[in-house]
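Being a predicted model, the structure only gives us computed values, none of them experimental. Residue numbering restarts at 1 for every chain, and letters A, B, ... go by the order of the sequence lines.
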There are 2 protein chains.
Amino acid sequence: MDSKDAVTCLAALAHEQRLAIFRLLVKIGPPGSPAGEIADAVGATPTAASFHLKELDRAGLIHATRAGRYIRYAVHFDGMRRLLTFLTEDCCQGRPELCGSTIKKARTLCKGGSK
Amino acid sequence: MDSKDAVTCLAALAHEQRLAIFRLLVKIGPPGSPAGEIADAVGATPTAASFHLKELDRAGLIHATRAGRYIRYAVHFDGMRRLLTFLTEDCCQGRPELCGSTIKKARTLCKGGSK
DNA sequence: TGCATAGTTCAAGAATCCTTGTAGTATGCT
DNA sequence: AGCATACTACAAGGATTCTTGAACTATGCA
């Protein structure tokens, strides 16, 4: 992940409805949820929900899969983990004793961590 | 941290220069750096740097302390940790086996983790 | 084939944010 | 006190992003 990708992710999340959608999908986990239910849950019109879901998808934070007439959206844990890793990279010059020594744990997120 | 605070933080970070400043300060850690050096490091004019530093400060991601004629900025680990916690809250409905069981580690960040 | 449902795309106006220069404030030195 | 340095505040133009409704595409069922 480079700086541009990170800015795209952060801009995607820097919006009340999109943040609500993202957190909802984080909570739901791998099974995800169809677009209509997501729209209802966050109080968005179908048009707005579609627009915001596409933004989150483009940023690589969620992904879509068609299931019959529904399109299910689920959080993309790998994208999420890459973003958090990028934000905390080289914390305290790699000398964790400067900040409490636990920052490295931020890198071992959902779906296995390392790499 | 509520949804509005998180959006403020994310919007603050969703900008190339501000993200560069934040990551620089994360890397430097507690000692921080004066505004002028930060401006040079990220290639910003003094005016732009001041503007962006204020944004990050307002969002609670960094904090300023005057040291003589210099104003040093340093990352505010607590604000940073609160944001990461907020983003990963209730991951997979609290059933970490759904996503790899390591998400909880994201909450134990710099400065000692919990609350 | 024809209709209903689920979701997306398009376009235009409105709102917001970014950029930049100039002026101003605070500190330190002589 | 007077001057230089370090940084901040203000303001206006320009660019980007958000919102909304109407039209469009895709799927499933009878």
Side-chain angles (χ1 to χ4, degrees), chain A residues 3-25 28 31-76, chain B residues 3-25 28 31-76:
Chain A
S3 167
K4 264 204 161 68
D5 296 334
V7 167
T8 302
C9 284
L10 292 163
L13 290 172
H15 183 284
E16 285 261 11
Q17 282 187 335
R18 286 198 294 264
L19 182 57
I21 290 171
F22 178 76
R23 298 221 311 151
L24 176 67
L25 293 180
I28 291 174
S33 180
E37 282 182 26
I38 295 171
D40 288 346
V42 304
T45 62
T47 297
S50 176
F51 177 81
H52 294 317
L53 285 165
K54 204 180 60 176
E55 286 296 298
L56 289 167
D57 192 353
R58 229 165 37 89
L61 290 166
I62 67 176
H63 62 94
T65 44
R66 182 174 279 275
R69 74 168 60 182
Y70 297 89
I71 297 180
R72 299 190 78 90
Y73 286 89
V75 64
H76 185 220
Chain B
S3 167
K4 264 205 161 69
D5 296 334
V7 167
T8 302
C9 285
L10 291 163
L13 291 172
H15 183 285
E16 285 261 11
Q17 283 187 333
R18 286 198 294 264
L19 183 57
I21 290 172
F22 178 77
R23 298 222 310 151
L24 176 67
L25 293 180
I28 291 173
S33 179
E37 283 183 25
I38 295 172
D40 288 345
V42 304
T45 62
T47 297
S50 175
F51 176 82
H52 294 317
L53 285 165
K54 205 181 58 177
E55 286 295 298
L56 288 167
D57 191 354
R58 231 166 34 90
L61 290 167
I62 67 175
H63 63 94
T65 44
R66 182 173 279 276
R69 75 167 59 181
Y70 298 90
I71 297 180
R72 300 191 76 88
Y73 287 90
V75 64
H76 185 220

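When distances are taken from the side chain of F51(A) to each of dT8(D), dT19(D), dG7(C), the shortest belongs to dT19(D). For R69(B), the listed nucleotide lying nearest its side chain is dT27(C); candidates were dG7(C), dT27(D), dT27(C). Nearest to the side chain of T47(A), among dA26(C), dT19(D), dA22(D), sits dA22(D). Taking only side-chain atoms of Y73(A), from C-beta outward, the nucleotide of dT19(C), dT8(C), dT20(C) with the closest atom is dT8(C).
Here dT8(C) presents its C1' atom at 19 Å from CZ of R72(A), a figure rounded to the nearest Å. Summarising the geometry, the separation between CD1 on I38(A) and P on dG7(C) is reported as 9 Å, rounded to the nearest angstrom. Protein atom OH of Y70(A) is 14 Å distant from nucleotide atom C1' of dA26(D), rounded to whole Å. With rounding to whole Å, E55(A) atom CD is found 15 Å from dT16(D) atom P. Summarising the geometry, the separation between NZ on K54(A) and C1' on dC18(D) is reported as 13 Å, rounded to the nearest angstrom. One atom, CZ of R58(A), and another, C1' of dT9(C), lie 15 Å apart when rounded to the nearest Å. Look at CD on E16(A): it is 19 Å from P on dA15(C), rounded to the nearest Å. Remark: P of dT5(D) and CD1 of I71(B) are 18 Å apart, rounded to the nearest angstrom.
H15(B) and H52(B) have tilted rings, their planes meeting at an angle from 30° to 60° on a 0 to 90° scale.
Within the 4.5 Å cutoff, no side-chain heavy atoms of L61(A) are placed close to those of L25(A).
Note on R18(A): a side-chain N or O is less than 4.0 Å away from OP1 or OP2 of dC18(D). Between H52(A) and the phosphate of dT19(D), there is a side-chain N or O to OP1/OP2 separation shorter than 4.0 Å. Contact between the side-chain N/O atoms of H15(A) and the OP1/OP2 oxygens of dT16(C) is not found at any separation under 4.0 Å.
Side-chain atoms of T8(B) come within 3.5 Å of backbone atoms of K4(B) as a donor-acceptor pair (strictly under, hydrogens ignored). Of the possible donor and acceptor atoms, one in the side chain of R66(A) sits under 3.5 Å from a partner among the backbone N and O of G68(A).
Nearest heavy-atom pair across A59(A) and A12(A) is CB-CB, 3.8 Å.
Two residues, G68(A) and A48(A), neighbour DNA chain D, and the one matched to the more 5' nucleotide by heavy-atom proximity is A48(A).
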